[in-house]
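A short worksheet on the structure shown next.
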2 protein chains.
Amino acid sequence: MSNKNVGIKDVAVAAGVSVTTVSHVLNEVSYARVSPETRDKVRSVAEELGYGPNRLAQALRTQRTGMLGLVSEEIATTPHAGRIILGADEAAKARGYNLMIINTPGSASLESRQADVQALLERRVDGILYATMYHRNVELPSNLGSVPSVLVDSVATAGNIAAVIPDEDGGARAAVGALLEAGHTQIGFINNTDDVPATRERLHAFRATLNEAGLDGDGAPVESELSEVQGGYEATLRILSGQDRPTALFCYNDRMAMGAYRAAAELGLTIPADLSVVGFDDQELIAANLYPGLTTVALPHYEMGAWAAEHLIDAIEGKADLDPLALHPTILGCPLVRRDSIAAPR
Amino acid sequence: MSNKNVGIKDVAVAAGVSVTTVSHVLNEVSYARVSPETRDKVRSVAEELGYGPNRLAQALRTQRTGMLGLVSEEIATTPHAGRIILGADEAAKARGYNLMIINTPGSASLESRQADVQALLERRVDGILYATMYHRNVELPSNLGSVPSVLVDSVATAGNIAAVIPDEDGGARAAVGALLEAGHTQIGFINNTDDVPATRERLHAFRATLNEAGLDGDGAPVESELSEVQGGYEATLRILSGQDRPTALFCYNDRMAMGAYRAAAELGLTIPADLSVVGFDDQELIAANLYPGLTTVALPHYEMGAWAAEHLIDAIEGKADLDPLALHPTILGCPLVRRDSIAAPR
DNA sequence: CTGAAAGCGCTAACAA
DNA sequence: TTGTTAGCGCTTTCAG
């Protein structure tokens with residue numbers, strides 16, 4: 001239908017001007033002066049011919065592709081990646097950029113990840129977004145440094161690159177705070193067994209928040225299991241069979257909370273009347289669909305993707321420098337999403 | 001680190017040969033003959049200098065970018081898109097292609113979708129994959145036709161473009177068949193109220209399968225609601241309070257099945273002992289995490305993405321023609337995924 | 001106010 | 001067996 005091989009040159013001859021003029025008016029170049037009539041002429045002819053610029057040629061000439069590379073781990077296995085992509089895509093689109101996406105298995109070797117980055121580099125992307133599936137430390141392919149880059153949802157082991165991560169501490173505090181606010185004093189934590197930042201930070205925030213509320217945070221019950229439904233179920237069974245049974249549970253994530261729901265049901269406990277529960281992640285599919293709806297803490301995936309794209313573009317366009325951002329990861333808030341799994345204790 | 005502005009020309013001078021020779025050996029051009037020594041020399045020099053081709057320049061020259069455009073609806077809101085992307089990405093990568101992704105809201109106007117396609121066209125992608133969020137009919141932007149394209153998970157209202165869709169009929173038959181095989185004769189269907197192909201085809205297959213088994217398919221109970229958890233819950237409550245209560249339920253999707261689980265629990269019915277349930281979609285997060293695990297039918301998103309990329313590339317490379325495929329959508333199987341929600345009737 | 005021409009990095013006729 | 005050279009479509013300096 002449109003831009004069928006018609007180039008700037010075709011427009012030029014059709015409009016009876018030079019290619020320079022066409023280029024100038026189509027790109028609205030500030031310095032060169034072209035008469036309004038010529039401008040109109042050029043524009044209408046371009047329109048007529050269905051001219052569309054060849055971004056490849058532009059890029060070759062200007063050394064700017066207007067493309068951002070996004071290497072994302074496990075695009076398919078978690079809904080999280082989708083939100084990062086969406087945030088990045090919308091931020092990028094708003095500034096005239098597009099995304100080249102490469103999926104990489106979370107288990108990929110350094111070399112294979114390096115090859116992915118290499119592919120992006122060969123296509124001359126202006127910058128790279130490197131996104132991981134969950135908040136953790138990653139060893140980065142060395143060639144990542146050859147172009148402005150920012151890490152999403154993880155920090156580099158070498159720690160010399162701009163990164164954006166979720167506020168684990170704040171999120172956990174919000175979760176526990178909501179329980180406290182509802183009047184609970186017997187609160188347990190169903191934690192993950194993986195050794196990732198979230199595990200440590202959420203636990204720390206859990207205890208600290210209780211201590212600050214004048215409760216015994218260090219003595220509060222904590223049970224850990226694999227961060228899946230089954231693990232949540234088992235940990236909950238254990239924690240509820242303990243000495244002083246908690247009246248509220250903070251769960252490492254929504255899947256574990258789902259397990260907690262099942263355990264509660266088996267024990268004849270009604271949520272939230274007999275047991276209040278808060279999760280973490282806000283996985284819509286689970287949190288919104290459990291009964292009663294799960295109050296949980298949202299991870300800012302969309303926001304991280306958008307933040308990363310935004311700052312990457314600033315760096316590319318020389319509007320800002322990434323170096324200061326590389327000193328410490330930027331932390332984005334994890335807001336509490338209230339549904340119906342919290343009530344005052346009996 | 002690598003390919004820092006070093007071009008073919010740099011390699012040429014460093015190796016003491018012409019650019020042609022470099023180009024020939026690096027691209028392993030069949031016709032031109034270069035001595036083995038020169039070859040090695042060139043290769044090692046290229047390696048040494050950290051040469052990496054500039055795909056932009058190559059593309060400009062060859063009129064082939066090796067990029068596939070993927071416009072996907074609602075990347076973030078459904079896990080399905082992720083699997084399509086993954087399938088397409090892996091198939092593409094295996095053949096040396098990369099993906100440019102553009103997200104488009106499901107509600108986007110024709111013009112805005114046309115603009116998305118236009119962006120891809122300006123970047124001179126070799127072909128376009130147009131993916132929708134769920135199986136339905138779409139009106140395509142007119143400029144889609146200017147480059148080889150294939151539709152994923154939908155068919156065009158105009159119906160003149162290659163498309164790949166799930167086998168709704170076969171999937172539904174497999175689901176109902178599993179129930180029949182377990183010995184059920186009283187089977188109900190919890191359907192969706194949306195007017196999409198899946199709604200009609202699954203219903204049709206449901207009735208047909210029962211009829212073919214010698215049961216009264218046309219008289220079998222069917223209750224429809226919004227295809228969410230709540231809808232599944234309500235429809236199940238209704239269907240189970242009817243005259244001859246079914247001993248097994250085929251649910252439109254996993255979310256509705258999740259609602260069925262809740263309804264069953266409230267009614268004091270144990271799954272699968274008192275009630276067998278089959279879902280559709282195989283949304284891991286739900287199906288694998290319900291208790292007991294939900295037997296369901298998987299949608300071939302990964303496969304559709306891979307199939308589409310594969311055939312698109314064949315067309316681009318002239319190895320096959322898309323036209324014959326445009327006559328009828330290609331249908332990919334929906335396999336039954338067995339978990340633990342089916343048992344023999346009491 | 002407008003145009004000629006160089007060149008971005010590469011491929012591929014064509015020459016040698 | 002290897003080298004010269006003309007573009008691919010565009011931007012931009014420098015001259016009119």
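In what follows, chains carry the letters A, B, and so on, assigned in the order in which the sequence lines appear, proteins first and then strands, with residues in each chain numbered from 1.
- The phosphate of D/dT11 (OP1 or OP2) has no side-chain N or O of A/Tyr31 nearer than 4.0 angstrom.
- Each of A/Arg61 and B/Ala57 was assigned the nucleotide of DNA chain D with the nearest heavy atom; the assignment lying further toward the 5' end belongs to B/Ala57.
- Protein atom NZ of A/Lys41 is 16 Å distant from nucleotide atom C1' of C/dT2, rounded to whole Å.
- Counting to the nearest Å, the P atom of D/dT5 and the NZ atom of B/Lys9 are 13 Å from each other.
- If you take CD of B/Glu28 and C1' of C/dC10, they are 17 Å apart, rounded to a whole angstrom.
- The side chain of B/Asn54 places no N or O atom within less than 4.0 Å of a non-bridging phosphate oxygen (OP1 or OP2) of C/dC8.
- Atom CG of B/Leu26 and atom P of C/dA12 are 13 Å apart (whole Å).
- Residue B/Ser18 is the one, among A/Val19 and B/Ser18, whose nearest nucleotide of DNA chain D lies closer to the 5' end (criterion: closest heavy atom).
- For A/Gln58 and C/dG9, the CD to P distance is 17 Å, given to the nearest whole Å.
- Considering only side-chain N and O atoms, A/Ser35 lies nowhere under 4.0 angstrom from the phosphate OP1 or OP2 of C/dC1.
- Residue B/Thr20 places a side-chain atom within donor-acceptor reach of the base of C/dA12, judged by atom type and a 3.5 Å distance cut-off alone.
- The shortest distance between the side-chain N/O atoms of A/Ser23 and the OP1/OP2 oxygens of D/dT11 is below 4.0 Å.
- Nearest heavy-atom pair across B/Ala92 and B/Ile313 is CA-CD1, 4.0 Å.
- Residue B/Leu56 contributes atom CG, which lies 10 Å from atom P of C/dG9 at whole-angstrom precision.
- Within 4.0 Å (heavy atoms only), B/Val17 reaches sugar-phosphate atoms of the nucleic acid but no base atom.
- Contact annotation: B/Thr62 does not reach the phosphate of C/dC10 (side-chain N/O to OP1 or OP2, under 4.0 Å).
- Below 30°, between 30° and 60°, or above 60°: for A/His80 and A/His301 the angle between ring planes is below 30°, a parallel geometry.
- One interatomic measurement links the two molecules: CD of B/Glu122 to C1' of D/dC10, which rounds to 13 Å at whole-angstrom precision.
- Here the P atom of nucleotide D/dG3 and the NE2 atom of B/His24 are 11 Å apart, to the nearest Å.
- Relative to the ring axis of A/Tyr97, A/Arg95 does not place its NZ or CZ within 45° and under 6.0 Å from the centre.
- The shortest heavy-atom contact between A/Val155 and A/Ala163 is CA-CB, 4.4 Å.
- Proximity note for B/Val34 (side chain, C-beta onward) versus D/dT2, D/dG3, D/dT11: the nearest is D/dT2.
- Remark: B/Gln63 is not in phosphate contact with D/dC8, judged by side-chain N or O atoms under 4.0 Å from OP1 or OP2.
- Proximity of A/Val42 to A/Leu26: side-chain heavy atoms (C-beta onward) are separated by under 4.5 Å at one or more points.
- Of the candidate nucleotides D/dC10, C/dT11, C/dG9, C/dG9 has the atom nearest to the side chain of B/Leu60.
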